[in-house]
Number of protein chains: 2
Amino acid sequence: MTVWDRPEPPIRPVPLDRERIVAAAVALADEGGLTAVSVRKVAARLDAGPMRLYGFISTKDELFDLMVDAVYAEILTEERPGDWREALHGLAHRTRQAALRHHWLADLLGGRPALGPNGLAVTEATLAALDGLADVDTVMRAVETVSAYFTGAIRREVADLRAERDTGLSKTEWQRARGPHVTRTLATGRFPALAKAVYEGTHVDAETSFTTGLDWVLDAVAARLN
Amino acid sequence: MTVWDRPEPPIRPVPLDRERIVAAAVALADEGGLTAVSVRKVAARLDAGPMRLYGFISTKDELFDLMVDAVYAEILTEERPGDWREALHGLAHRTRQAALRHHWLADLLGGRPALGPNGLAVTEATLAALDGLADVDTVMRAVETVSAYFTGAIRREVADLRAERDTGLSKTEWQRARGPHVTRTLATGRFPALAKAVYEGTHVDAETSFTTGLDWVLDAVAARLN
DNA sequence: AGAGTGAAAATACAGTGTATCGATATGAGA
DNA sequence: TCTCATATCGATACACTGTATTTTCACTCT
């Protein structure tokens, strides 16, 4: 009974779980954006047939949900914040950093309720940091308001980054970054206030812009908590 | 030479322009969401071949840009606001109303820089309302911050509306609206702060929630302008 | 009347999400 | 150890997508 007589054992299909699937999907999205994530491509990366994935998810949107929740794991932090302000500040900045690592997150942020374990854990941690500082409703409103701010801000920032990237390697200057179109439009004189803002405004980098707005909002929250 | 001898005059193709195209696209999106907008379906609605549209747009994303700008026309207003606060308040609420009329707007808001004529006009009007109340940079920051807030808030509101709609006709109660999943998760006791918020919080309708957060942010802006 | 030109239509291609169904490997029971 | 039931995987299929390319054709100008 030589080796050649015995048949090779059948190639068992690659074992799969949601974690591996989501990791593959995230990798694809990081490389080529959300549009690069297709069921076929994710499956191919795992040496599996496309339909295999539908044992773990029942729709592509669910895959996106899993991806978002995976990123919430990055946003989650062990160390407990010193106070509520630090908690909200940290949450905002960690979310922003996550979005800068995973641009596609900007497309998904706020698009669906984050009900995954990590998403809920983040919400829990945030609410816990504000617990007792005001009645539940006020706390709720505070978290919602801050979250709304930074999702909106992150979305715009990533949108601008993409626009810059797409219009070639145009640097941070607004005027030429947006290509000739804005410049020409402004030259018409129909948008004086906008022109003034563009030409007289000093360019601030995205991070300070983000932080400035965030601090304003946090001040507003502070006024209601105390 | 009877009528039958003479050939029918050739059917001239339907005249087209961007306005008609965008109107058709908006109608489709209003009925079935953004995914219902396909080049073929838009064209079909105009009795034209799909490729016809590519004379007016060069990519589907551009069609979306046009759609967004069309909605900005709804957001634009003739009457000049009494003061800056009214201007920002009005902008936020008109944008929200537009998004409630066109849910798909939430998917697009903030996704790309709004460089269309109406988008620019809205920005212009907003900046004009704040002009002179502070240095250009502060004004810029104010508009950005408020815009970030309401885009984020609108996105979440529409996301919640959809989630409610999709989980059947479950009413406004959080707990059962989110289906058994959240209820079960909360029952585990791992999310005490969240549970407290859900069970002890009084349900506020979306509009007051929106307005409350907005007022906070506007207060924050006021503190920097004066 | 014929040639040239522009636009519209048809065709084509490579991809998409997902339903369905036949093959097959695995574990249970005899 | 053999057989059968069951669950799982892969292949196939379908309807549809955005867009490039090719073909057709009505009209204008010489």
Side-chain angles (χ1 to χ4, degrees), chain A residues 1 5-22 24-68 104 107-108 111-112 162 166, chain B residues 6-22 24-68 104 107-108 111-112 162 166:
Chain A
M1 196 52 142
D5 294 322
R6 272 177 285 125
E8 282 198 63
I11 309 139
R12 320 265 280 102
V14 176
L16 232 53
D17 51 38
R18 286 192 184 156
E19 193 178 330
R20 287 169 49 80
I21 294 175
V22 173
V26 166
L28 277 168
D30 285 346
E31 292 163 19
L34 263 196
T35 62
V37 178
S38 82
V39 176
R40 284 167 170 80
K41 286 200 278 235
V42 172
R45 224 168 232 245
L46 301 163
D47 288 317
M51 284 303 118
R52 243 339 255 291
L53 302 195
Y54 284 91
F56 301 86
I57 55 174
S58 63
T59 210
K60 198 192 175 183
D61 277 346
E62 291 190 351
L63 176 57
F64 286 158
D65 288 345
L66 291 178
M67 291 169 68
V68 170
W104 49 269
D107 302 321
L108 264 23
R112 276 158 155 262
R162 285 182 178 143
D166 292 347
Chain B
R6 272 178 284 126
E8 281 198 64
I11 308 138
R12 320 264 282 108
V14 177
L16 233 53
D17 51 38
R18 286 192 183 156
E19 192 178 330
R20 287 169 48 80
I21 293 174
V22 172
V26 166
L28 277 167
D30 286 346
E31 292 163 18
L34 264 196
T35 62
V37 178
S38 81
V39 176
R40 283 168 171 80
K41 286 200 278 235
V42 173
R45 232 176 225 237
L46 301 163
D47 288 317
M51 285 301 119
R52 269 260 337 259
L53 302 196
Y54 285 91
F56 302 86
I57 55 174
S58 62
T59 210
K60 199 193 174 183
D61 276 347
E62 290 189 353
L63 176 59
F64 286 158
D65 288 345
L66 291 178
M67 291 169 66
V68 170
W104 49 269
D107 302 321
L108 264 23
R112 277 157 155 264
R162 285 179 179 148
D166 292 347

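The sequence lines fix the lettering, A, B, ..., with proteins before strands; numbering per chain opens at 1. Bear in mind the structure is a predicted one, so any value in this text is a computation, not a measurement.
- Between the C1' atom of D/dG18 and the CD1 atom of B/Ile57 lies a distance of 10 Å, rounded to the nearest Å.
- Spacing between atom CZ of A/Phe56 and atom C1' of D/dC9 amounts to 11 Å, rounded to whole angstrom units.
- Summarising the geometry, atom CG belonging to B/Leu66 is positioned 8.5 Å from atom CD1 belonging to B/Ile21; distances are rounded to the nearest 0.5 Å.
- Heavy-atom distances under 4.0 Å link DNA chain D to B/Val37, B/Ser38, B/Val39, B/Arg40, B/Lys41, B/Met51 of residues 29-53 of chain B, given in residue order.
- Counting to the nearest Å, the C1' atom of C/dG15 and the NZ atom of B/Lys60 are 14 Å from each other.
- Following rounding to the nearest Å, B/Leu63 (CG) and D/dG18 (P) show an atom-to-atom distance of 9 Å.
- A salt bridge between B/Asp166 and A/Arg112 is absent, with no side-chain N of the basic residue lying under 4.0 Å from a carboxylate O of the acidic one.
- In plain terms, the two heavy atoms of A/Val37 and A/Lys60 that are nearest each other are O-NZ, 2.7 Å.
- By the 4.5 Å heavy-atom criterion applied to side chains, A/Leu34 and A/Leu108 are counted as neighbours.
- Taking atom OH of A/Tyr54 as the reference point, atom P of C/dT16 lies 11 Å away to the nearest angstrom.
- Looking only at distances, no side-chain donor or acceptor of B/Thr59 sits under 3.5 Å from a matching main-chain atom of B/Glu62.
- Looking only at distances, a side-chain donor or acceptor of B/Arg18 sits under 3.5 Å from a matching main-chain atom of B/Phe56.
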